[in-house]
Amino acid sequence: MIDLEIHSARPSDMDDVARLCWAYRDLLIERSVDLPQMVEAYYAKDSYAALVADLPRIHARPKGDILVAKLGNQIVGCAMYYPLTAAGTTEIKRVYVAPSARGSGAGRALIQESIARAKSDGYARVVLDTMSGLTEAIALYERLGFQPCPPYYDAEPSFLPYLRFFEHPL
C-alpha cells in the first residue's frame, strides 16, 4: 500500500516546494523547446525566482493554499490555488509530481484535495491552464471532470494555440 499524505505546506516544506516548482519549470522548458519565447515570457529565470519566493503570500490562507504530496518521508508533489478577481473563482497553479512518484496517485490526490479545499473556502469554480504538450496533465484534468473553457486571462495571442484552459464547477 502506498503511504501517500496530502497536507498544507508548512514553513519547513517550502524548500521542497521551491525545488518542485523549479523542476516544473524545467519540464515546461523540455516540453516546449519549439516555443522559447513563451517560456521566456512566463518563466524567465529572474521573475520565476521572485514568484517562487512569493508563493507563501500569493497562496496564503484563508483564500488560497499550497498543498504538498508526501510519500513516506519525502515531499514528491505540490499544487496551489489562489483567488482570481472573478467572484467565486480560484485558479489551481503549479501542479507537479516528481518523476519518481508518477503513477502513485499523487497528482490526482493533489487536484482532488485542491478542489475539496477550494469548495470549503467558498469558491464556486476552479480554473487552470496548461500547455498543450503536457498531455498527461490534460488527461488527468479531463478524468477529474474539468471541461475546456475560454481563456480567463489575457494571454499573448501567439501563445493561445499552445495553451489549454479548463474549468470545474464546485
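Linking Ile, Leu, Val, Met, Phe, Trp and Tyr whenever their side-chain heavy atoms come within less than 4.5 Å leaves V95 and I29 in two separate clusters. Hydrophobic clustering keeps M80 apart from I111 (ILVMFWY residues linked when any side-chain heavy atoms are closer than 4.5 Å, directly or through intermediates). The cluster map of Ile, Leu, Val, Met, Phe, Trp and Tyr, joined by side-chain heavy atoms under 4.5 Å apart, puts Y123 and F165 in different clusters. When the side chains of ILVMFWY residues are joined at heavy-atom separations under 4.5 Å, either directly or via intervening members, I138 and L160 end up in two distinct hydrophobic clusters. Linking Ile, Leu, Val, Met, Phe, Trp and Tyr residues whenever their side-chain heavy atoms come within less than 4.5 Å leaves Y141 and L134 in two separate clusters.
Remark: side-chain polar atoms of K93 are not paired, donor with acceptor, to backbone N or O of L128 under 3.5 angstrom. Of the possible polar contacts, one joining the S114 side chain to the L110 backbone as a donor-acceptor pair under 3.5 Å is found. Between the R31 side chain and the G133 main chain, a donor and an acceptor come within less than 3.5 Å of each other. Within the 3.5 Å criterion, the main-chain N or O of Y81 finds a donor-acceptor partner in the side chain of H59. Using modelled atom types, one side-chain atom of R102 and one backbone atom of V97 make a donor-acceptor pair closer than 3.5 Å.
K70 and D13 are not joined by a salt bridge, as no carboxylate oxygen comes within less than 4.0 angstrom of a charged side-chain nitrogen. In this structure, R25 does not pair ionically with E30, as no charged nitrogen and carboxylate oxygen lie closer than 4.0 Å. Under the 4.0 Å criterion applied to side-chain N and carboxylate O atoms, R164 and E142 are assigned as salt-bridge partners.
R125 has its side chain out of reach of L170: every pair of non-hydrogen atoms, C-beta onward, lies at least 4.5 Å apart. Contact of the V127 side chain with the F166 side chain is not registered, since no non-hydrogen atoms from C-beta on lie closer than 4.5 Å. Here the side chains of H7 and L67 are not in contact, with every heavy-atom distance at 4.5 Å or above. Taking the side chain as every heavy atom from C-beta outward, Y152 and T89 never approach each other to under 4.5 Å.
When all heavy atoms are compared, the tightest approach of V17 to A9 is CG2-CB, 4.2 Å. When every heavy atom of S104 is checked against every heavy atom of A101, the shortest pair comes out as OG-O, 2.6 Å. The two residues Y96 and L20 have their closest heavy-atom pair at CD2-O, 3.5 Å. The heavy-atom pair separating E167 from P148 by the smallest distance is OE2-O, 4.4 Å. Here the shortest heavy-atom pairing between A106 and I6 reads O-CD1, 4.5 Å.
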Verdict with supporting geometry, T90 and D121, side chain to side chain contact (heavy atoms under 4.5 Å, CB included) | CA-CA 10 Å; T90 185; D121 287 345; over 6 Å; no

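The number of heavy atoms from other shown groups lying within 6.0 Å of OH (Y162) does not exceed 12.
For the 3.5 Å distance criterion, the side chains of Y82 and E91 qualify, holding a donor opposite an acceptor.
A centroid separation of 6.0 Å or more is found between the aromatic rings of Y48 and Y42.
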